[in-house]
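Encoded as structure tokens, the structure appears first; notes follow it.
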Amino acid sequence: MDFKVLDPFLPAEIPNGVIPATGVVKDSSGELVGELLLWVSDGRLSALEYSWYTDEAPTALPDPHDVTVAVQHS
């Protein structure tokens, strides 16, 4: 899903690409089924990507209760 952030919001000082955090998605049985990634372009949020690990693509975004955010530290 692509985003377009409009003015008056100033761009953040963050490099282009995936932000250093992942939304790990698990199903109701606790099995890992995918991840959510946030993308930045020119200091602004530009996309949300839902990568799935199952055989069939999901038809909707996951329930927020099924997502755990993991921050990568450098």
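Keep in mind it's a predicted model, so treat the numbers as computed, not measured. Along the sequence shown, residues are numbered consecutively beginning with 1.
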Would you kindly confirm whether [X] and [Y] end up in one hydrophobic cluster when ILVMFWY residues are joined by side chain heavy atoms under 4.5 Å apart?
| X | Y | answer |
| --- | --- | --- |
| Ile14 | Leu45 | yes |
| Val18 | Trp52 | no |
| Phe3 | Leu37 | no |
| Met1 | Val5 | yes |

key: From Thr22 atom OG1 to Leu38 atom CG, the distance as rounded to the nearest 0.5 Å   = 9.0 Å
query = Among Val24, Val25, Leu61, which residue meets the side-chain contact (heavy atoms from CB on, under 4.5 Å) test with Val67?
reply =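 Running side-chain contact (heavy atoms from CB on, under 4.5 Å) over Val24, Val25, Leu61 with Val67 returns exactly one hit, Val25.
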If I compare all heavy atoms of [X] with all of [Y], which pair ends up nearest, and what's the gap?
| X | Y | value |
| --- | --- | --- |
| Lys26 | Gly30 | CD-O, 3.4 Å |
| Tyr50 | Ala60 | CE2-O, 3.6 Å |
| Asp2 | Ala47 | OD1-CB, 3.7 Å |
| Asp42 | Asn16 | N-OD1, 2.6 Å |
| Ser29 | Asp27 | OG-OD1, 2.7 Å |

Main-chain N/O of Phe9 paired with Arg44 side-chain donor or acceptor, under 3.5 Å = yes
query = Hey, are the side chains of Pro20 and Val71 touching, using non-hydrogen atoms and a 4.5 Å cut-off?
reply = no
request  = Could you verify whether a donor N or O on one side chain and an acceptor N or O on the other, from Glu35 and Tyr53, lie under 3.5 Å apart?
outcome  =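 Distance-only check passes for Glu35 and Tyr53.
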